[in-house]
K.L.:
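The following block contains the structure, expressed as structure tokens.
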Number of protein chains: 2
Amino acid sequence: MSAVSSTVNVGRPRAFDIDTALEKALEVFWRKGYDGTSLSDLTEAMGINKPSLYAAFGNKEQLFLKAIELYESRPCSFFLPALEKPTAYQVAEHMLHGAAMNMADQAHPQGCVVVQGALSCSEAAATVKEALLNRRVEGEQKLRARFEQAKLDGDLPASADAETLARYLGTVLQGMAIQANNGATSEQLRQVAEMTLQAFPRAG
Amino acid sequence: MSAVSSTVNVGRPRAFDIDTALEKALEVFWRKGYDGTSLSDLTEAMGINKPSLYAAFGNKEQLFLKAIELYESRPCSFFLPALEKPTAYQVAEHMLHGAAMNMADQAHPQGCVVVQGALSCSEAAATVKEALLNRRVEGEQKLRARFEQAKLDGDLPASADAETLARYLGTVLQGMAIQANNGATSEQLRQVAEMTLQAFPRAG
DNA sequence: AGGGTTATTTACCGACTAGTACAAATATCT
DNA sequence: AGATATTTGTACTAGTCGGTAAATAACCCT
């Protein structure tokens with residue numbers, strides 16, 4: 001009895017690469033949102049038939065959730081790396097600059113799928129809407145925890161409000177996602193990042 | 001031959017109030033987005049049947065556009081009144097505080113329908129998506145024009161970049177819409193507004 | 001009262017939705 | 001080669017989508 005029995009090479013082999021198919025699905029969800037994406041959109045973009053999609057990913061909802069996981073685990077992701085910068089200011093700086101670069105990048109849909117994937121949506125999308133909402137809130141909680149650590153480290157003044165700083169930064173990052181959808185360029189978003197940083201307390 | 005023949009009181013009278021029906025439609029679109037809203041959702045909320053909806057509003061797309069017009073013409077709307085404040089700083093202040101109050105108001109869906117009504121959507125929603133995008137961009141252009149006037153008035157330094165100031169403010173306002181969807185309260189948004197204003201140049 | 005006009009109700013349309021049953025195809029294991 | 005396991009393509013389901021045809025109801029005007 002193998003502990004990884006599901007990886008045993010038996011039966012007809014899958015004719016498509018499951019990771020690139022998921023990439024394609026992510027791109028469609030990103031552009032059209034959960035409600036705006038049909039299974040035909042997905043199968044066409046992924047280059048597979050519906051039974052293959054259901055066998056590999058469960059259903060539309062599970063496929064979406066897996067696509068979001070892929071989105072956040074990408075090498076080009078900027079959020080988690082920025083959190084590890086040595087000072088609070090540098091965290092904010094790298095996060096804002098990373099967002100400016102990433103969200104307007106023409107190599108993929110503009111904005112952020114966590115923001116725009118299921119913002120206002122049907123009841124059928126309630127689960128994925130909540131999943132995205134939780135991700136946004138958790139992101140801000142991570143920022144807040146990082147800024148509280150910064151106060152202990154002394155690179156934020158003791159008077160600083162970590163929660164408000166995190167919410168301010170989250171607000172600008174989420175606003176940048178809308179801006180990117182509006183057609184803003186990375187350079188324009190970088191200017192917004194600079195302005196945002198002017199309100200950010202430096203070492204104290 | 002009357003120039004206002006359509007207002008002549010002839011034929012069976014409409015059994016519903018067209019303005020309150022449009023209010024109801026707006027609320028549904030606001031909560032569920034264009035793609036996420038079905039005609040059944042609309043007719044149920046509006047308390048009318050489909051033929052009445054089509055006779056009064058055209059179709060789903062035209063109903064949405066009329067709902068957006070209503071949204072922007074509301075007495076509680078904060079955008080245009082804020083533009084008329086005497087200085088650039090006061091414009092920004094009133095706009096941010098108005099947004100903080102309005103977007104988290106529990107009397108209606110949270111956020112802003114112009115932001116979340118059709119952000120990522122199907123091809124069927126392309127027209128309304130573009131209409132909303134144009135409204136967002138036009139709002140920022142109005143802000144920019146107001147700030148350029150402020151430079152002439154001398155309540156913004158000549159070195160200020162009106163375009164970037166407008167985009168920064170637009171970014172925060174749009175971000176606030178997401179925050180309100182995340183469950184942020186008016187008080188929390190007001191704190192974000194205060195931080196935002198710290199980066200805003202005062203009289204110079 | 002009767003004609004003209006408009007709104008309402010009911011029932012329907014074809015197209016599309018997410019999801020699946022089933023049989024043929026393709027691999028490994030014995 | 002044959003048995004077993006899995007994926008594939010085709011064809012289908014029941015339900016919902018946006019939108020409408022047609023008959024009836026309710027009003028004004030003469």
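Chain identifiers are assigned alphabetically (A, B, ...) following the order of the sequence lines, protein sequences preceding nucleic acid strands; residue numbering begins at 1 within each chain.
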K.L.:
Expressed as a whole number of angstroms, how long is the span from A:N9:CG to D:dT7:P?
P.N.:
11 Å
K.L.:
Find the distance A:D41:CG to C:dA15:C1' and express it as a whole number of Å.
P.N.:
15 Å
K.L.:
Could you tell me whether A:E138 and A:K142 have a side-chain N and a carboxylate O separated by less than 4.0 Å?
P.N.:
no
K.L.:
Between B:E61 and B:G11, name the one whose nearest nucleotide on DNA chain D is closer to the 5' end.
P.N.:
B:E61
K.L.:
Does the plane of the ring in A:Y71 sit parallel, tilted or perpendicular to the ring in A:W30? Use 30° and 60° as the thresholds.
P.N.:
perpendicular
K.L.:
Hey, which of these two, B:D35 or B:P13, hits DNA chain D nearer its 5' end, going by closest nucleotide?
P.N.:
B:D35
K.L.:
Return the 5'-most residue of the pair B:R12, B:P51 with respect to DNA chain C, ranking by each residue's nearest nucleotide.
P.N.:
B:R12
K.L.:
Using whole Å, what does the distance between atom P of nucleotide C:dA25 and atom CZ of A:F16 come to?
P.N.:
20 Å
K.L.:
Is the A:Y89 ring parallel, tilted or perpendicular to the A:F200 ring (thresholds 30°, 60°)?
P.N.:
perpendicular
K.L.:
Which nucleotide in the list D:dT10, C:dT6, D:dA21 gets nearest to the side chain of B:V10?
P.N.:
C:dT6
K.L.:
Rounded to whole Å, how long is the line connecting atom CZ of A:R14 with atom P of D:dG9?
P.N.:
13 Å
K.L.:
Taking the cut-offs as 6.0 angstrom to the six-membered ring centre and 45 degrees off its axis, would you call A:K66 and A:F57 a cation-pi pair?
P.N.:
no
K.L.:
Taking only the side-chain heavy atoms of B:N49 (C-beta and beyond), determine which of C:dT28, C:dT10, D:dG19 contains the nearest atom.
P.N.:
C:dT10
K.L.:
D:dG18 C1' sits how many Å from B:F64 CZ, rounded?
P.N.:
16 Å
K.L.:
Whether B:S52 contacts C:dA7 is assessed here as follows: a side-chain N or O lying under 4.0 Å from the phosphate OP1 or OP2. Is that the case?
P.N.:
no
K.L.:
Ignoring the backbone of B:S38, work out which of C:dG19, D:dG18, D:dT10 is nearest its side chain.
P.N.:
D:dG18
K.L.:
Name the nucleic acid region contacted by A:A55, choosing base, sugar-phosphate or nothing; use a 4.0 angstrom heavy-atom cut-off, strictly under.
P.N.:
nothing
K.L.:
Rounded to whole angstrom units, what separation is found between the CG atom of A:L53 and the P atom of C:dT17?
P.N.:
14 Å
K.L.:
Does the distance from a Lys or Arg side-chain N to an Asp or Glu carboxylate O, for A:R136 and A:E140, drop under 4.0 Å?
P.N.:
no
K.L.:
Figure out the CG/P separation between B:N59 and D:dT20, and round it to whole Å.
P.N.:
8 Å
K.L.:
Measure from CD on A:E44 to P on C:dA18 and round the result to the nearest Å.
P.N.:
13 Å
K.L.:
Side chain of A:Y54 only, please: which of C:dT20, D:dG19, D:dT8 is the nearest?
P.N.:
C:dT20
K.L.:
With a 4.0 Å cut-off on heavy atoms, is A:T37 in touch with a base, just the backbone sugar-phosphate, or nothing at all?
P.N.:
sugar-phosphate
K.L.:
Suppose we call a contact any N or O donor and acceptor under 3.5 Å apart; does that hold for the side chain of B:K60 and the base of D:dG18?
P.N.:
no
